[in-house]
Amino acid sequence: MKIVLATRNKHKVEEIKQILEIYLDPNLYSQLEILDISNFPWVPEIEEDGKTFAENALKKARVIHELTGLCSIADDSGIEVDFLNGEPGIYSARYAGERATDYENNEKLLRLLDGVPIEKRTATFRCVLAYVDGRVEKIFEGATKGKVIFEPRGMGGFGYDPLFVPDGYELTYAEMPKDLKNRISHRSKALQKFAEFLRAHLEYKNKF
Ligand code: ITT
């Protein structure tokens, strides 16, 4: 079975593959051929003009399914900071501007939280996955709560990882071993639900 990940973010591609390997049994995982947009270089940029993670994820998955004819999964994700009324949220990738780097986005977030004490720096990382195969459209969500610390720590991961300490841990996402982030993250929780769906979906398809 071929699945196209509707993302241009290499870090997401890597994490999604690693997490699916955790949640799918080896036999099922080996039946999947996981592709991404880099396998289809002619696919144009997809504008994210939705008002929610779910709208954006569905749009990305639908466009990629229509253009490739294959099953598609899209991931729309970001961090919601309570003190900033949920910002950057769906604008996480472009918080400091259209082509902003992770460094610039992190700088902006720290600037806006300057002087805010740790107990008020609560945040939620959210991931919404959309699966589209032409007959079925499904949404899977995952969220992980934590805090935004005062300065970046750690070299792993991407995006806001160096600033986020999940509840119950001392390390940032960027300081953790990859497989720990992949077991507790917002993306992991959404993909665990997707893996359950896929297992049931394939069992049903194999019966007929
Ligand atoms: P695609 O749309 O091509 O998938 P993107 O990076 O633009 O790539 P989003 O629009 O979903 O994806 O924006 C997600 C942003 O949220 C991402 O660029 C990071 O800044 C942040 N983010 C999401 N998940 C993250 C994670 O696990 N760790 C750190 N930052 C994350």
Side-chain angles (χ1 to χ4, degrees), residues 4-19 34-41 43-64 67 72-81 84 86-110 123-132 139-149 152-166 169 171-176 178-191:
V4 189
L5 305 181
T7 177
R8 292 181 196 275
N9 183 324
K10 295 273 166 228
H11 301 280
K12 285 187 185 176
V13 171
E14 193 192 343
E15 284 192 5
I16 291 170
K17 287 181 177 169
Q18 289 165 350
I19 296 168
I34 303 176
L35 306 169
D36 62 74
I37 299 184
S38 67
N39 298 104
F40 304 92
V43 166
E45 197 75 38
I46 303 168
E47 194 196 349
E48 293 188 27
D49 50 7
K51 298 247 177 308
T52 62
F53 290 116
E55 280 177 26
N56 285 334
L58 259 180
K59 178 174 180 183
K60 290 188 271 191
R62 282 178 183 149
V63 170
I64 294 304
L67 291 175
S72 168
I73 317 173
D75 164 319
D76 207 61
S77 46
I79 187 167
E80 297 172 342
V81 179
L84 302 174
E87 273 190 21
I90 59 168
Y91 302 106
S92 293
R94 43 196 155 122
Y95 199 33
E98 216 32 67
R99 302 253 165 234
T101 61
D102 288 345
Y103 179 82
E104 290 164 340
N105 287 331
N106 284 355
E107 278 246 291
K108 177 169 178 184
L109 184 57
L110 285 180
T124 304
F125 249 122
R126 216 171 276 290
C127 173
V128 176
L129 294 177
Y131 169 84
V132 172
I139 293 282
F140 307 91
E141 301 196 24
T144 294
K145 287 182 182 290
K147 289 202 171 73
V148 176
I149 57 169
R153 284 191 343 227
M155 303 297 288
F158 69 103
Y160 299 88
D161 279 353
L163 292 180
F164 184 75
V165 174
Y169 295 85
L171 300 176
T172 65
Y173 266 176
E175 289 175 309
M176 294 179 168
K178 263 197 293 211
D179 63 305
L180 178 55
K181 180 187 174 194
N182 285 340
R183 277 187 284 116
I184 65 166
S185 77
H186 50 306
R187 183 161 295 106
S188 175
K189 290 169 185 161
L191 280 163

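Numbering of ligands and ligand atoms starts at 1, following listing order. This structure is a prediction, so every number in the text was calculated from the model and none was measured.
Contact record, Ala74 with Ala57: CB-O, 3.2 Å, taken as the closest heavy-atom pair. When every heavy atom of Cys127 is checked against every heavy atom of Asp75, the shortest pair comes out as SG-OD2, 3.5 Å. Closest of all the heavy-atom pairs between Leu171 and Met176 is O-CE, 3.8 Å. When all heavy atoms of Lys108 and Tyr95 are compared, the pair lying nearest together is NZ-O, 3.0 Å. The two residues Ser92 and Asn105 make their nearest non-hydrogen contact at O-ND2, 3.4 Å. Taking each heavy atom of Pro162 and Ile149 in turn, the nearest pair found is O-CD1, 3.8 Å.
For atom 24 (N) of ligand 1, the nearest non-hydrogen atom of the protein is Arg187 NH2, 2.9 Å. Among protein heavy atoms, the minimum distance from atom 23 (C) of ligand 1 is reached at Ser77 OG, 3.2 Å. Protein heavy atom nearest atom 18 (O) of ligand 1, with residue, atom name and distance: Ala93 CB, 3.5 Å. Shortest contact from atom 22 (N) of ligand 1 to any protein heavy atom: Phe125 CE2, 3.8 Å. Of all protein heavy atoms, the one closest to atom 4 (O) of ligand 1 is Thr7 OG1, 2.6 Å. Protein heavy atom closest to atom 25 (C) of ligand 1, with residue, atom name and distance, is Phe158 CZ, 3.4 Å.
Assignment of Lys60 to the shell around ligand 1 is supported, since a heavy atom sits closer than 4.0 Å. Look at Lys181 and you'll find a heavy atom under 4.0 Å from some atom of ligand 1. Proximity of Asp75 to ligand 1 is established by a heavy-atom distance of less than 4.0 Å. Ligand 1 does not have Phe164 within reach: every non-hydrogen atom of the residue lies 4.0 Å or more from it.
In summary, Lys59 and Asp76 do not engage in a salt bridge, as defined by a charged side-chain N under 4.0 Å from a carboxylate O.
Contact annotation: for Phe53 versus ligand 1, there are no heavy atoms closer than 4.0 Å.
Close contacts of ligand 1 with Asn9, meaning ligand atoms under 4.0 Å from a residue heavy atom, involve 3 (O), 6 (O), 8 (O). Distances below 4.0 Å separate heavy atoms of Tyr160 from the following atoms of ligand 1: 20 (O), 21 (C), 29 (C), 30 (N). Listed by number with element, the atoms of ligand 1 under 4.0 angstrom from any heavy atom of Asp76 are 9 (P), 10 (O), 11 (O). Every atom of ligand 1 with a heavy atom of Lys12 under 4.0 Å away is listed here by number and element: 1 (P), 4 (O), 5 (P), 8 (O), 9 (P), 11 (O), 12 (O). Counting the atoms of ligand 1 from 1 in the order shown, those under 4.0 Å from a heavy atom of Glu48 are 2 (O), 10 (O). For ligand 1, the atoms sitting less than 4.0 Å from at least one non-hydrogen atom of Arg8 are 3 (O), numbered in the order shown with element in parentheses.
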Side chain to side chain contact (heavy atoms under 4.5 Å, CB included) evaluation trace for Leu67 with Phe40:
CA-CA 9 Å; Leu67 291 175; Phe40 304 92; over 6 Å; no

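Ring pair Phe125/Tyr173 is parallel by interplanar angle, where below 30° counts as parallel and above 60° as perpendicular.
Not counting sequence neighbours, the partners of Thr144 by the side chain to side chain donor-acceptor pair (under 3.5 Å) test are Lys189.
Between Asp102 and ligand 1, no N or O atom pair is found at a separation short of 3.5 Å. Considering backbone and side-chain N/O of Asp161, one or more are found under 3.5 Å from N/O of ligand 1. Where the criterion is an N or O separation shorter than 3.5 Å, residue side chain and backbone included, His186 meets it with respect to ligand 1.
Neither side chain, Asn9 nor Thr7, offers a donor N or O lying under 3.5 Å from an acceptor on the other.
A distance-only check finds no donor-acceptor pair linking the side chain of Asn56 to the backbone of Phe53 [under 3.5 Å].
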